[in-house]
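Not measured: the values here are computed from a predicted model. Throughout, a chain's letter reflects where its sequence line sits, starting with A, and its residues are numbered from 1.
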Amino acid sequence: MEQFENPIRRSLAAHTSLPEEQIRLEVPRDAALGDLAFPCFTLAKTLRKAPPVIAAELAEAVGGELEGIAAAATGPYVNFTVERGLLARSVIAKVTAEGERYGHCELGGGETIVIDLSSPNIAKPMSVGHLRSTVIGAAVQRILDALGYRTLAINHIGDWGSQFGKLVAAIDRWGDSVEMETDPIRALLALYVRYHEEEAEDPSLAEEARRCFQELESGIDGPVRARWKRITALSLGEFDKIYARLGVSFQLVRGEAYFEPMLDETVERIEAAGITEVSEGALIVDLSEIAEGIPPCLLRKSDGTTLYATRDMAALFHRWEEYTFQRCLYVVGADQKLHFRQLKAVLERMGLDWEPRVEHVWFGMLRLPEGKMSTRKGRVVFLEEVLDRARDEALAIIEEKNPDLPGAAEIAEQVGVGAVVFNDLKRERIKDIEFEWDEVLSFEGETGPYVQYTHARLASILRRAEAADEGGANPDFSALADAAGVLLRIARFPAVLRSAGAHAEPSEVTTWVLGLCREVNGWYTQHRVLGQEPALTAARLALVGVAATAIARGLAILGLAAPREM
RNA sequence: GCGCCCGUAGCUCAGCCGGAUAGAGCACCGGUUUCCUAAACCGGGGGUCGCAGGUUCAAGUCCUGCCGGGCGCGCCA
């Protein structure tokens, strides 16, 4: 789109008092009005003329000097329409040249952006709640990669806390079961729940758990630590299975425990800034001077032990020293807004100028119809089960609609997982979501499978064209006038990526790709590609090719596969 | 009680830095397959943009108050 916007801006700037970068071009409400629009309201004051008069004069002045772009005044707007042959030739040339890299740019200049995502707790199953952080974070990473940043995805595993004392004690007491190797997370969860229950009757269990955690904290490399290490390894193994299905990988997987040895120096560092104080026996940083009503940050409990915030501070300092990041994004739910507000406030009080680089990329909470999710109350939906059911549903549909499809099992996995992932990325990330099976398992309308299906149909045309050796003629691009909607959507992709990156907002990409698919499907049902006059078939095939590439690019950014058949 | 976020069609959501008659999907009703995958497409009904003020040439979009919902609020993570 820039190849058309830039000359328009230049020309408008020459005929108004406005600098080029201040000229905002919009998309007209009605596509019939034009491809781009310039509203003339702002000029009314300085020129002391009515906007429609200005629009008419500007259209007249600018119209002549723009090659291949018509300018027409409609009321207070100057509307621009790119000549259809030029539009087609230009968009097709660009996408064809860039191919798989369509939309990439060097905006980021290789600057480092750290992304903290997923971060599940070990010994607990991943629920659909963890899905959000994982898929949003991974999509944000791919968007930023495309914009030329150097990104680092960090999985900050929750592997520390007093609950692991219980778990170790439970293994001690009831020993291993076969399940521990076959389905470790369920086994660990069962142990944890049992310990929790029996603890209520027998106080010695609580004491035993405390002793175990103390030993773990002491750093002694004994049987307690060995068990804890085993729990960690088993859990990570299970998580990796899910990550593989989601196509997510990390540059760094590091548990909270890694930062245990750095806690004292972290506290000392904050103390050295002269901002700590002791309140009710605990070591705190008062934050009321940063913002009224914000509670203090607790660094040490009255018994001297550290807290979540202390470990997060340690991890953050470590990250800064290791990477000197341009941005450090925490893809963590809305329930932790205060926590990150406090972390940043501590940095601010320490006078660290890189504080603004730390951002909490928060997302809305996922609720079940019966209320907030709770592992202890058994109100959870396991992610693995969601992915399995979606895959099974996809397979059932394939068997019904395309029974001879080769590789059906693999494609069912791609489509099922795609449905789940897309569903999580399609709304603005800050919106709360109520989990409903019907919605997650829906494959029609604004869904991942709809986008994949659109792509597969285009791929089918390309496959048949190749088999029939069609499309070799010189394409008549002027014949693609009726595909302007598709071409304009494709042309907006680079701008969509830039905006999505700036906002850390994958839903801008889902919205774009859905709009593109709507245009494509509308066009598809009205036009036949193969077997037309050679110049027409060639032009339509070129269009189909770039549309398929653009949709595949969108799917790839979002983390969905783009099967060529389904 | 205090703080933060959300509130657009029956449901789920778009709506670009305030700009031209508020757009999709689902659901409902009607239509489209001798034709490149009907997981699609086309048409129809359905909206006081939570409510009340304010700023502006112009407000779904900005400001204030209220109502409804969500989340959070010192020794959990």
Side-chain angles (χ1 to χ4, degrees), chain A residues 24 26-30 33 37 39-42 44-45 50-51 74-77 79 119 121 158 160-163 256 279-284 291-303 305-309 311-312 333-339 341 362 364-365 367 372 394 397-398 400-402 405 415 419 426-428 430-434 436 438-439 442-447 449-454 456-465 468 470 492 495-496 499 507-508 510-511 514-515 517-518 520-531 540 544 565-566:
Chain A
R24 207 176 85 252
E26 326 180 331
V27 177
R29 272 233 179 284
D30 182 354
L33 291 167
C40 298
F41 304 99
T42 43
K45 250 175 256 157
T74 312
Y77 292 84
N79 289 313
S119 307
N121 296 319
W160 206 248
S162 49
Q163 71 269 30
E256 287 182 84
S279 163
E280 296 167 39
L283 186 70
I284 67 161
E292 212 173 325
I294 175 170
C297 178
L298 267 81
L299 296 175
R300 274 194 203 283
K301 300 191 231 177
S302 44
D303 67 3
T305 56
T306 57
L307 291 113
Y308 176 53
R311 289 195 285 278
D312 248 9
D335 53 344
Q336 296 200 39
K337 283 177 88 168
L338 178 59
H339 169 70
R341 180 89 184 77
W362 59 279
M365 304 311 291
R367 275 170 298 108
K372 203 179 169 181
I397 294 174
I398 289 170
E400 178 200 329
K401 303 191 185 230
N402 200 357
L405 180 66
V415 172
K426 78 177 179 193
R427 318 160 173 75
E428 212 182 354
I430 62 170
K431 292 237 156 73
D432 287 345
I433 301 183
E434 185 165 305
E436 273 168 309
D438 282 357
E439 201 184 339
S442 160
F443 289 25
E444 288 170 16
E446 296 175 330
T447 65
Y450 166 80
V451 177
Q452 291 172 319
Y453 179 70
T454 307
R457 291 210 296 184
L458 297 180
S460 176
I461 295 177
L462 297 171
R463 200 163 47 239
R464 284 165 188 273
E470 287 200 57
R492 288 187 189 115
V496 167
S499 177
S507 73
E508 292 184 22
T510 52
T511 301
L514 283 171
C517 288
R518 205 179 310 129
V520 166
N521 284 319
W523 182 86
Y524 176 98
T525 47
Q526 285 171 45
H527 302 84
R528 200 171 160 80
V529 177
L530 303 177
R540 287 184 177 168
V544 166
E565 283 184 82
M566 63 186 268

Q.
Work out how far the P atom of B:U55 is from that of B:C73, and round it to whole angstrom.
A. 40 Å
Q: Kindly say if A:Lys431 contacts the phosphate of B:G70, meaning a side-chain N or O under 4.0 Å from OP1 or OP2.
A: no
Q: Could you tell me whether A:Asp312 contacts a base, only the sugar-phosphate backbone, or nothing, with contacts defined as non-hydrogen atoms closer than 4.0 Å?
A: nothing
Q: Indicate, with a heavy-atom threshold strictly under 4.0 Å, whether A:Pro28 touches base, sugar-phosphate, or nothing.
A: base
Q) Given atom CZ of A:Arg341 and atom P of B:C5, what is their separation to the nearest angstrom? A) 11 Å
Q) Per the atom types in the model, does the base of B:C16 pair as donor or acceptor with the side chain of A:Ser499 at under 3.5 Å? A) no
(Q) What's A:Arg464 touching, base or sugar-phosphate or nothing? Going by heavy atoms closer than 4.0 Å. (A) sugar-phosphate
**Q.** A:Arg29 side-chain N/O to B:A20 phosphate OP1/OP2 under 4.0 Å
**A.** yes
Q.
So A:Arg528, base contact, sugar-phosphate only, or nothing? Heavy-atom distance under 4.0 Å.
A. base
**Q.** Nucleotide B:C6, atom P - distance to CD of A:Glu434 in whole Å
**A.** 19 Å
Q) Which part of the nucleic acid, if any, lies within contact of A:Glu256, taking any heavy atom under 4.0 Å across all strands shown: a base, the sugar-phosphate backbone alone, or nothing? A) sugar-phosphate
Q: Mind checking A:Lys426 for me? I need base, sugar-phosphate or nothing, with any heavy atom below 4.0 Å counting as a touch.
A: nothing
Q. Does any donor-acceptor pair link the side chain of A:Asp335 with the base of B:A77 at a separation under 3.5 Å?
A. no
Q: Name the pairing partner of B:G65, where a pair is Watson-Crick or G-U wobble with both distances under 3.5 Å, or state none.
A: B:C51
Q) Please give, in whole Å, the distance from B:U37 P to A:Asn521 CG? A) 13 Å
